[in-house]
Amino acid sequence: MAQYKANVRDLEFNLFEVFRVQDRLEAAAFGEDTADEATARDLLHELAAQCAGPIGESFVDADRNPPVFDPATHSVTVPESLKKSYQALWDGEWYRLGLPTDLGGYGIPPTVQWAAAELILGANPAAFMYMAGPNFASVVHANGTSQQQHWAQLMIDRAWGSTMVLTEPDAGSDVGAGVTKAYAQPDGTWHVEGVKRFITSGDQDMTENIMHLTLARPQGDGLNRPGTKGLSLFLVPKFHFDPETGEPGARNGAFVTNVEHKMGLKASATCELTFGAHGTPAVGWLLGEVHNGIAQMFEVIEHARMMVGTKAIGTLSTGYLHALEYAKQRVQGADLPRMTDKTAPRVTISHHPDVRRSLMLQKSYAEGLRAVYLYCASFQDEVRAGRLAGTDHDLAERVNDLLLPIVKGVGSERAYEQLAQSLQTLGGSGFLQDYPIEQYIRDSKIDSLYEGTTAIQSLDFFFRKIVKDQGGALMHVAGEIQTFLDDESGNGRLKNERALLRTALEDTQGILGTLFGFASASLQDPDEVYKVGQHSVRLLMSVGDLLVGWLLLRQADVAQQALDLGASVKDEPFYQGKIGVARFFAATVLPELTARRRIVEAADNHLMDLDEAAF
């Protein structure tokens, strides 16, 4: 059996008790073929069983025996154990969860899709990433010509892999600095030339072909433009293929020239790809219009950012559950009030105050951040329903855009931070490979790095998602929090916690207002924007904590109502835990926002004035 521990009960609680996804399912808001609540619940339970079984079984082995690169053939061989997990994932047709119905999808709304994705990502993230082909085919289908739309269907039907190819050795976060070039050919194809790196699933031997979605700069009169506006997206297959049947042919000139040796997530082959070298041209096809590459690629990037945050949160959840299980079994020391009594019985470490504090903090972020990504996905539900109904969904799109940096940035940072607490719970045993937490930590560190580091997420959050939007989406979310505060439905229970949330909302608004002031002052004194840069991560993390605190209290409200109505004996501890974790987070984390506000209000530029030599 695999190491993975799922929390399906909490997924169901969020989906069906807090966010009431079934209301949209019953209203057929996602089309006539939409799955019902019973189907969605069955899906999650079945997938969780598969993740605890064949899907997750290779998690440890593929880490210890990672993919092997053969430089002579420019190919990567994946360990047999991972091939079996991937095949179980594919044979179960779990890739259909994220597809639209016209491409063979199940009609599952985004909230349920991402809940399912958490299970796979928590059990075997590398396997999930290798299965990117169908989702990337959706992007090709949405942006391509009629022939390329046919190819998108081939990508799904023939189970091809796919990659997003952006990063270059000298163009990482600064994507517009990319120098990979594309040259138009008389037959309508393009020849791509350049070197890309950090390409997830850049090669493997599990699929018959791989479609590389590659950013490159078209060359020629009127085409060669600087920056991101000069980039186009090209379809560059690993193998040439019959355009009608998809049957693979000769090797195309997109060759793996290195595989990175990484700290973690070793089962995922992260490759350097060289285009147009070794005597073979890298033939590609322009996707859609020229110079529209960034907009097209951002469809992939936004999905990837949601995926990264969900991966981090799912990993934290299983890490916490391992720590909790260990704490309930590990006997060590006497209860603290009797610590000087040598005859006192020994107790499990779950009785010790600091272990309880640590476990509750892990629980706070594991369950609170799960609620955050599902809250974000609920707006994706609204967007999809609005598109189908032809109704206005602009606000839902903007709120989703606002929340993505929180899901990705806060999710990845807090997960890595709290997984260290999970390991700490196990003491010295946590440092051993006998338990999976050390691998969870290694595998999760990448989450705060790729698809934009946390600092980049925070700058995007402030300048693009708040300032450019004139605060519209943020005001909507703040309005929902305020409505919750004004709607006292607990008969005065959790009153102190609501007061702490109210203060946290005020403090967060104070941080934001101060940063707005710095940004405005930079119009006269450009150096003032440095103050925004110093504290944008603090803003992002504070909004994240505010959302976690609010959603935990919102969950506690639902839990209290369930207890008042007479919850089953089986469910009572679950609901009591929801109230307990909300109280803990409100009392021990939300007050920190007051200190963060004071730090931001006292900001200066001494840090930026300091000579580099002093560092």
Quick one: does [X]'s side chain have a donor or acceptor within less than 3.5 Å of a partner on [Y]'s backbone?
X    : Y    : value
H535 : I511 : no
S444 : I441 : yes
D469 : G472 : yes
K311 : L121 : no
T483 : G479 : yes
R442 : L265 : no
S85  : G56  : no
T315 : G122 : no
E118 : G314 : no

Roughly how far apart are [X] [atom1] and [Y] [atom2], rounded to 0.5 Å?
X    : Y    : atom1 : atom2 : value
L546 : L505 : CG    : CG    : 5.5 Å
E413 : E417 : CD    : CD    : 8.0 Å
Q509 : L512 : CD    : CG    : 8.0 Å
N124 : S268 : CG    : OG    : 10.5 Å
L547 : I406 : CG    : CD1   : 5.0 Å
D381 : L374 : CG    : CG    : 9.5 Å

[X] and [Y]: side-chain donor and acceptor closer than 3.5 Å?
X    : Y    : value
Q362 : S358 : yes
S412 : Q457 : no
N14  : Q555 : yes
R41  : Q22  : no
D36  : T39  : yes
S542 : D507 : no

Less than 4.0 Å between a side-chain N and a carboxylate O, is that true for [Y] and [X]?
X    : Y    : result
R502 : E506 : no
E26  : R20  : no
E451 : K408 : no

Has [X] got more than 12 heavy atoms of other residues, nucleotides or ligands less than 6.0 Å from its [atom1]?
X    : atom1 : answer
R9   : CZ    : yes
Q424 : CD    : no
M339 : CE    : no

Minimum heavy-atom distance between [X] and [Y], given as atom pair plus value:
X    : Y    : result
G368 : V548 : CA-CG1, 3.9 Å
R338 : A334 : O-CB, 3.9 Å
R357 : D354 : NE-OD1, 2.7 Å
V581 : E367 : CG1-OE1, 4.5 Å
W94  : A88  : CD1-O, 4.3 Å
A559 : F13  : N-CZ, 4.5 Å

Requested in this report: Starting from the C-alpha separation in whole Å, work towards a yes-or-no answer on side-chain contact (heavy atoms from CB on, under 4.5 Å) for L359 and R356.
Outcome: CA-CA 5 Å; L359 287 170; R356 287 196 162 213; 5.6 Å; no
**Report entry** Selection residues 43-63 - residue pairs positive for ring-ring contact (aromatic ring centres under 6.0 Å, His included), sequence neighbours left out
**Finding:**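 Qualifying pairs, neighbours excluded: F59-Y440.
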Report task. Enumerate the residue pairs fulfilling ring-ring contact (aromatic ring centres under 6.0 Å, His included) with a member in residues 347-377, sequence neighbours excluded, ordered by first and then second residue. Result ->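 Only Y365-F585, Y375-F379, Y375-W550 qualify under ring-ring contact (aromatic ring centres under 6.0 Å, His included).
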**Report entry** Test side-chain contact (heavy atoms from CB on, under 4.5 Å) applied to D545 and R596, step by step
**Finding:** CA-CA 12 Å; D545 283 346; R596 296 179 204 168; 2.8 Å; yes
Report task. Please name all residues satisfying side chain to side chain donor-acceptor pair (under 3.5 Å) with R583, sequence neighbours left out, ordered by chain then number. Result ->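 Residues passing side chain to side chain donor-acceptor pair (under 3.5 Å) with R583: none at all.
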Query - Full working for side-chain contact (heavy atoms from CB on, under 4.5 Å) between L539 and V600 - result: CA-CA 9 Å; L539 169 69; V600 174; over 6 Å; no
Query raised in the report: Who pairs with Y130 by ring pair (Phe, Tyr, Trp, His ring centres under 6.0 Å), at least two apart in sequence or on another chain?
Result: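 So Y130 forms no ring pair (Phe, Tyr, Trp, His ring centres under 6.0 Å) with any residue.
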Requested in this report: Check ring pair (Phe, Tyr, Trp, His ring centres under 6.0 Å) between F128 and all other residues, then give those that pass, not counting sequence neighbours.
Outcome: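 Ring pair (Phe, Tyr, Trp, His ring centres under 6.0 Å) check on F128 returns nothing, list empty.
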Query raised in the report: Does any pair with a residue in residues 84-96 pass salt bridge (Lys or Arg N to Asp or Glu O under 4.0 Å), and if so which ones, sequence neighbours excluded?
Result: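 Output for this query lists E93-R96.
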Query raised in the report: Taking the six-membered ring for Trp, are H303 and W114 parallel (under 30°), tilted (30 to 60°) or perpendicular (over 60°)?
Result: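 Because their plane-to-plane angle lies in the 30° to 60° range, the rings of H303 and W114 count as tilted.
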Query raised in the report: Taking it one step at a time, do D434 and S429 satisfy side-chain hydrogen bond (donor to acceptor under 3.5 Å, both in side chains)?
Result: CA-CA 8 Å; D434 299 29; S429 295; over 6 Å; no
